[in-house]
Amino acid sequence: MWGIIATWRMALEGVTEAATQLAAGSGASASIVDAVAAVEDFPYYKSVGYGGLPTENGEVELDAAFMDGDTLAFGAVGNLIDIANPVRVAQALSRQRYNSLLVGQGAREWALEQGFAEKTMLTDRAMQHYRKRCRETLDKGLSPYDGHDTVGIIGLDKQGSMSVATSTSGLFMKKRGRIGDSPIMGSGFYCDSETGAATATGVGEDLMKGCTSYEIVRRMAGGMTPQQAADSVVFELEDKLMSRFGRAGDLSVVCMNRKGEFGAATNIKTFSFVVATEKQPLTVFRAERRAEKTHYQPVDDEWMQAYAARIRAPIEE
Ligand code: GLY
């Protein structure tokens, strides 16, 4: 059995290539890291990698992680500036015995020492978004922190190995130095090839309160299906946050077990995800919450076309 599942439609092109590789017998780690790197490289995705939106200081600070479910080795970077593919740095860090999670200047220095390419990650389009959002935030009283789209991809290869990787520019207008859930093992991602893996997207400060990804994997290990684990973790966390904290941000997850069965859950109106397995042809699903359950269905052509037009639409400043 092989399988791959990813947060958001933006992962489709990378997942398409990775699914072909996995079906041909490639390893999960290389396949998913390449798939995340493809999202990082695409300039129109404003929440990941090149073209990602900047912090309130106008800098693009990127977070990324990788975890190998066979060895439980992980690597992660936070607040990495102007390095082309943070996910590849994270994967390289996972091969180190120590210093697996590096942030800021230390992460950048290490990446440069290892020969990772420098690249200016701030684009003109991201600056246009930034100026527009600053104005809306002031004029209309909108919160810049409402939600966030992190790419997280889980792979299962024919050898039974699993891995997971994440990448994000983090919450738009975040403070310099702020880190969300995406590079934090157990919150933004977790993977154990003997059980399965999970990854999250949404408001990191809230996802971290539930150690969301670890909790999903723990529940799968306890016998829940991926869908039961995903729904129960997301909705219990939301209920807990509402009753004890008074608010809950966007919380969305995808997961897969070692048999290639998958699950997805969300507390928002529309959460898209991409999945392909030996049994499930490559599909973009649109998930929505109904009561305490997540329902999903394949998106149609109209949805795909509207998406393509939206991400490339000129930004009216
Ligand atoms: N989930 C991404 C972040 O909060 O930065």
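No hydrogens, no waters, no symmetry mates; every other heavy atom, side chains included, goes into these values. A quick note: this is a predicted structure, and the numbers were derived from the prediction, not measured. When a ligand or atom number is given, it counts from 1 through the structure's own listing order.
Less than 4.0 angstrom separates some heavy atom of Thr150 from each of these atoms of ligand 1: 1 (N), 2 (C). Counting atoms of ligand 1 from 1 in the listed order, those under 4.0 Å from a heavy atom of Leu171 are 5 (O). Atoms of ligand 1 lying under 4.0 Å from any heavy atom of Gly170, numbered from 1 in the order shown and given with element: 5 (O). Every atom of ligand 1 with a heavy atom of Ser182 under 4.0 Å away is listed here by number and element: 1 (N), 2 (C).
Here CG of Asn85 is found 5.0 Å from CD of Glu40. Values are rounded to the nearest 0.5 Å.
Scanning the protein heavy atoms around atom 5 (O) of ligand 1, the nearest turns out to be Arg178 NH1, 2.6 Å. For atom 1 (N) of ligand 1, the nearest non-hydrogen atom of the protein is Asp181 OD1, 2.6 Å.
By the 6.0 Å contact criterion, CD on Glu194 is open, its count of non-hydrogen atoms from other residues, nucleotides or ligands being 12 or less. Within 6.0 Å of the CZ atom in Arg312, the count of heavy atoms belonging to other residues, nucleotides or ligands exceeds 12.
The shortest heavy-atom distance from Lys174 to ligand 1 is not under 4.0 Å. Not a single heavy atom of Thr201 lies less than 4.0 angstrom from ligand 1.
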**Item:** Derivation and outcome, side-chain contact (heavy atoms from CB on, under 4.5 Å), residues Asp63 and Leu80
**Value:** CA-CA 6 Å; Asp63 301 342; Leu80 184 63; over 6 Å; no

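For Tyr296 and Phe273, the distance between ring centers is under 6.0 angstrom. Outside the 6.0 Å centre-distance limit, the rings of Trp8 and Tyr45 are not counted as a close aromatic pair.
Contact annotation: for Glu61 versus ligand 1, there are no heavy atoms closer than 4.0 Å.
Between Gly202 and ligand 1, at least one N/O pair is under 3.5 Å apart. Residue Gly204 has at least one nitrogen or oxygen atom sitting less than 3.5 Å from a nitrogen or oxygen atom of ligand 1, judged on distance alone.
Side-chain atoms of Thr266 and Ser252 include a donor-acceptor pair closer than 3.5 Å.
By the 6.0 Å and 45° rule, Lys240 does not stack over the aromatic ring of Phe245.
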